[in-house]
Amino acid sequence: MIHIVTAENTSRYADALEQAWRLRHRVFVEEKGWSDLARPDGREIDGFDDAHALHMLAIEAGTVVGYQRMLPTTRPYLLTEVLSELCEVDPPRSPHVWEWTRYAVERGHRERGRILSPVGSALLTGIVEWGLESGVDAIVIEMNPLWLLRLVQLHFRVTPLGLPRPIAGEETVAVSAAFDERTLTRLRATRGDSASVLSTQPGRPLRLAS
Amino acid sequence: MLPKLVDLTYDLFRSFDRAGTVEDLNACLLRAVARFGVESTFAGVIPLPGIGRTAQAAHVLIDRTPPGWSERYFRAGHLDRDPTIRRLTTDATPFLWSEIEPLYREDPAARRVMDEAGDFRLRQGFTVPLVTLDGRVAGFSFGAERLDLSPELRGMLHLIASYVFGRSLVLSHVPAAEGREPVQLTPREREALQWAAAGKSEWEIGALMSISEHGAEKHLRSVHRKLGAGSRTQAVAEALRRGLII
């Protein structure tokens, strides 16, 4: 199940968020070697983890096995502040567009090879389900260009924001990817499961975009 | 002033969206990249080792190479020796064919593939390795007599290849509700077609299935009819696309 954590319900997710910071540290610092994010306490948190961030946690039997963070593009976000060299056009700024960052799946829950794992596809489905019910219809992504084919196959309508460039030794391209009901249908067919992935916790904020 | 390549890429993505068939899509792509010297395109999922040549040819999704080349390529069994195939299954970064010359310098069979490609105006090329949603490795190659690519152009071709490959897959997987009837093969028809995909003759298929050559032929004829295929390669390609055989 994908759990959405925002400023409003963060107190109920103290333990899960704690696990999420540690998962981020393991994946981005220890595995990917993004050493400027390293922290002595093993919790990867940055300035964007503020009251405006929306965290999506994949939780299985009380353990956080996957994570991603959504940032509103109506405020400064990673592409405009940290990765601006990837953006050669006017960066998106809209309540209907959010930035997808810090996508991380626990090592034991990844698929062999480079396929989208069940946890990974649940996280991606979580974005589309959340987006469709919240008035969000596109995400900004900084990604390895290998993801582009996958997004097109999943019926995302992709717009390039720049050409690929190496970031920390890995080819990276910034895109905006729009989605609709067809994307959700396709994701569910790929997963072989048409049930919602979002947990129906009380008080989950809806209609984030006005 | 020249338009920014990112703007050009954006415009191309949108014209690719408007193409209704794989044919239109790739005609549109070739027109667009001609200005950079690209003359042909060739793309497909890389077949697993050991399958027959008919099934190999059926993995081709896009073939805009000069007449005669792909027939020659598969008939001669070049796929198994092609150094661009070897490179793209081991490394996901795009490459110019000239950059992998050390890979085949000492390998006469691989060198012959590249030399023969040169005879078909495929002297130089740029290949983009891809991985599909279901984890299959694929490749998209741009070929030309002469190809001179700046780093920005390489980046652009990388994006365009991924996009066109994805749209081609989507367009060739039209669900039944959007116009194509679902096809059901009997277990015997599926078995016969699976053997045909492995390159077996009708006589061999008959022997493998403990039926007569005529019986094997009957099963395959029925498969052709159900799939609307004019040739064995076409039947295998269509069946792979529909997931009727593996």
Side-chain angles (χ1 to χ4, degrees), chain A residues 79 84-92 110-118 120-121 124-125 141 143-167 169-178 180 182-183 185-192, chain B residues 3-14 16-19 25 43 45 61 88-95 128-140 149-173 175 177-178 243:
Chain A
L79 184 66
S84 55
E85 63 190 286
L86 290 177
C87 189
E88 300 173 40
V89 299
D90 290 335
R110 294 177 207 160
E111 207 86 328
R112 273 187 303 123
R114 293 170 284 195
I115 317 164
L116 196 55
S117 67
S121 77
L124 194 49
T125 308
I141 321 172
M143 63 184 193
N144 184 306
L146 272 177
W147 273 86
L148 178 53
L149 170 57
R150 265 172 243 175
L151 291 173
V152 175
Q153 283 191 272
L154 288 169
H155 289 308
F156 282 89
R157 189 166 178 269
V158 181
T159 298
L161 302 176
L163 294 174
R165 288 167 183 272
I167 298 283
E170 189 179 359
E171 279 294 291
T172 311
V173 63
V175 302
S176 143
D180 56 25
R182 286 189 330 144
T183 320
T185 306
R186 186 86 172 93
L187 271 165
R188 287 180 169 168
T190 306
R191 290 170 50 69
Chain B
K4 280 203 309 196
L5 284 180
V6 64
D7 295 331
L8 193 56
T9 312
Y10 172 83
D11 291 342
L12 281 176
F13 278 21
R14 295 297 81 93
F16 297 151
D17 289 342
R18 285 191 293 273
L25 174 61
V45 170
L61 183 64
L88 71 82
T89 50
T90 51
D91 186 335
T93 50
F95 57 93
V128 177
L130 300 165
V131 182
T132 64
L133 193 56
D134 54 3
R136 292 184 297 168
V137 176
F140 198 117
L149 301 178
S150 66
E152 290 74 23
L153 262 179
R154 290 174 69 138
M156 177 180 168
L157 291 183
H158 190 175
L159 298 182
I160 287 178
S162 311
Y163 203 89
V164 167
F165 197 84
R167 287 297 302 163
S168 297
L169 282 176
V170 168
L171 289 172
S172 59
H173 277 105
E178 288 175 43

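The sequence lines fix the lettering, A, B, ..., with proteins before strands; numbering per chain opens at 1. This one's a predicted model, so the numbers in the text were calculated from it and none came from an experiment.
Per-residue counts of heavy-atom pairs under 4.5 Å with chain B were compared for T190(A), V89(A), V158(A), L161(A); the largest is that of V158(A). Between chain B and the residues P160(A), P145(A), S121(A), the most heavy-atom pairs under 4.5 angstrom are made by P160(A).
Listed by chain and residue number, F142(B) satisfy the ring-ring contact (aromatic ring centres under 6.0 Å, His included) test with F140(B) (two or more places apart in sequence, or in another chain).
Contact check for H155(A) versus L187(A): no side-chain heavy atoms found under the 4.5 Å cut-off.
Residues E152(B) and L163(A) come closest through the heavy atom pair O-CD1, 3.7 Å.
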Candidate pair V152(A) and F165(B), rule side-chain contact (heavy atoms from CB on, under 4.5 Å), full reasoning: CA-CA 9 Å; V152(A) 175; F165(B) 197 84; over 6 Å; no

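Figure legend: cation-pi geometry between R167(B) and Y163(B) absent, as NZ or CZ is not positioned both under 6.0 Å from the six-membered ring centre and within 45° of its axis.
Contact annotation for R154(B): neither backbone nor side-chain heavy atoms come within less than 4.5 Å of a heavy atom of chain A. When heavy atoms are compared at a cutoff of 4.5 Å, P129(B) approaches chain A solely by way of its backbone atoms N, CA, C and O. Using a 4.5 Å cut-off between heavy atoms, F13(B) contacts chain A through its side chain alone, with no backbone atom that close.
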